[in-house]
Amino acid sequence: MKHFYKILSVILILYTLSWGLVNPVPRLDILNETIRNVYYHVPVWFAMLFMMSISLIYSVRTLGNNKMVHDSKAFNAAIVGFFFSIPGLLTGSLWAKFTWGTWWTFQDPKLNGVAISILIYLAYFFLRSAIDDEMKRARIAAVYNIFAFVMMNVFIMILPRLTDSLHPGNGGNPAFAKYDLDDNMRLIFYPAVIGWILFSYWFFEIKNRISAIEKNLYD
Amino acid sequence: MIKRLSILLMILASAVVNAQNTTSPQMADTFRSNGKIYVVIGVIAIIFLSIVCFLVYLERKLSRTEKRMQGLGNTQKNRVTDTSQGL
């Protein structure tokens with residue numbers, strides 16, 4: 001049935017929300033219990049990356065066959081991804097306040113990278129609103145989307161790993177995977193990633209249906 | 001000789017170190033031991049399920065609108081705005 005993935009996502013997220021608070025985790029200084037944020041903060045960012053990849057795919061398809069439906073899907077995916085970055089930022093900021101001692105810092109390359117990526121995608125939305133002709137908008141925005149996706153990956157995934165960072169997995173720190181993300185945590189972390197990705201796809205599908213209805217109404 | 005003495009001295013010195021952290025990191029064991037953690041879980045589950053209910057409501061409304069649009073057909077697009085759905 002076509003709603004299966006939605007139910008699955010709700011079940012998975014409920015599972016991580018409930019079991020994630022009681023399962024045994026490594027006892028570490030500074031982090032203490034906040035290590036459980038890994039189950040919530042990280043999957044939301046994964047969902048954003050997933051949505052941006054979907055946006056990239058539909059952008060490429062737009063360039064390939066010039067169909068407006070692909071362009072609107074690319075736009076919707078970017079919107080959903082952008083909105084998933086907001087809880088990612090807020091949760092990360094709250095977590096940082098109590099572990100790193102500050103809400104934000106410009107010293108951390110991943111935070112800078114995330115800020116830049118968000119500005120890049122904001123520019124994508126502004127670019128779309130600046131062009132009136134439908135076909136032109138679709139093609140130009142699709143090209144920009146491809147660049148935006150590449151740059152986002154560079155700023156979020158590549159650059160932070162090349163330099164020092166407090167973010168686990170980047171810089172000189174062994175990734176969470178090495179000794180913090182032990183098997184107990186993996187049991188919850190992987191389903192959380194899958195659950196939140198599927199959940200974001202639900203938002204994407206709803207947005208697509210709204211776009212289709214609006215297109216029918218106003219064409 | 002000096003080497004052995006210094007090694008012995010270092011081993012003895014480990015008996016008087018005071019600046020090391022001997023207590024394990026503080027965790028939320030209290031909440032878990034007196035069962036209150038399940039209250040927290042319940043609260044979070046309620047919040048999340050409310051959000052999911054809102055999503056399901058959106059879905060149903062969308063399906064209704066789509067069916068209505070199919071029923072009216074594409075030739076009567078201008079009349080679509082007549083159909084009021086209340087809330």
Side-chain angles (χ1 to χ4, degrees), chain A residues 2-3 5-37 39-40 44 80 83 87 98-99 180 188 192 195-196 198-219, chain B residues 17 19-87:
Chain A
K2 64 172 188 155
H3 298 298
Y5 76 89
K6 301 170 188 169
I7 302 176
L8 178 68
S9 73
V10 171
I11 292 176
L12 283 177
I13 295 181
L14 261 182
Y15 159 68
T16 62
L17 283 177
S18 49
W19 192 239
L21 290 179
V22 287
N23 88 316
V25 288
R27 309 172 88 94
L28 299 162
D29 281 322
I30 301 178
L31 277 176
N32 296 354
E33 290 281 357
T34 65
I35 195 171
R36 297 177 192 280
N37 276 340
Y39 306 141
Y40 313 119
V44 166
V80 173
F83 273 109
F98 292 98
T99 47
D180 300 338
I188 304 202
W196 279 100
L198 292 176
F199 200 59
S200 71
Y201 199 84
W202 189 0
F203 281 77
F204 174 56
E205 192 222 27
I206 287 186
K207 192 92 185 36
N208 279 338
R209 285 158 70 182
I210 295 178
S211 297
I213 292 177
E214 281 178 346
K215 193 162 152 40
N216 263 337
L217 266 183
Y218 298 122
D219 257 352
Chain B
V17 290
Q20 291 179 13
N21 189 5
T22 50
T23 59
S24 55
Q26 191 187 22
M27 306 285 268
D29 297 315
T30 322
F31 248 39
R32 276 199 287 278
S33 62
N34 63 10
K36 295 246 171 72
I37 193 72
Y38 295 110
V39 178
V40 178
I41 291 179
V43 164
I44 294 176
I46 289 175
I47 294 176
F48 179 64
L49 284 174
S50 328
I51 297 175
V52 170
C53 281
F54 176 66
L55 264 183
V56 174
Y57 161 74
L58 267 185
E59 274 255 5
R60 295 232 176 99
K61 196 162 179 180
L62 264 183
S63 310
R64 247 180 288 143
T65 312
E66 281 168 345
K67 284 211 183 77
R68 213 171 293 225
M69 305 221 40
Q70 269 180 359
L72 286 175
N74 286 336
T75 56
Q76 300 185 21
K77 267 174 264 190
N78 294 334
R79 301 242 320 251
V80 170
T81 49
D82 282 344
T83 62
S84 66
Q85 301 179 26
L87 177 54

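Throughout, a chain's letter reflects where its sequence line sits, starting with A, and its residues are numbered from 1. Note that the structure is a prediction, hence the values are computed from the model and not measured. Just the heavy atoms: all of them, side chains too, but no hydrogens, waters or symmetry mates, feed the values below.
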Enquirer: Do Val52(B) and Ile13(A) come close enough that some side-chain heavy atom pair is under 4.5 Å?
Expert: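 A side-chain contact is absent here, since even the closest heavy-atom pair is not under 4.5 Å.
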Enquirer: What's the spacing between Leu17(A) CG and Ile46(B) CD1 if we round to 0.5 Å?
Expert: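 Taking CG in Leu17(A) and CD1 in Ile46(B), the distance rounds to 12.5 Å.
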Enquirer: Test Leu21(A) against Ile44(B) for side-chain contact (heavy atoms from CB on, under 4.5 Å), laying out the working first.
Expert: CA-CA 10 Å; Leu21(A) 290 179; Ile44(B) 294 176; 3.6 Å; yes
Enquirer: Is any side-chain heavy atom of Leu49(B) less than 4.5 Å from a side-chain heavy atom of Leu14(A)?
Expert: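 A side-chain contact exists here, since the closest heavy-atom pair is under 4.5 Å.
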Enquirer: Is it the case that over 12 heavy atoms from other parts of the model lie below 6.0 angstrom from the OH atom of Tyr201(A)?
Expert: no
Enquirer: On a heavy-atom basis, which atom in Ile206(A) and which in Glu59(B) lie closest, and how many Å separate them?
Expert: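 Minimum heavy-atom separation between Ile206(A) and Glu59(B): CD1-CG, 3.9 Å.
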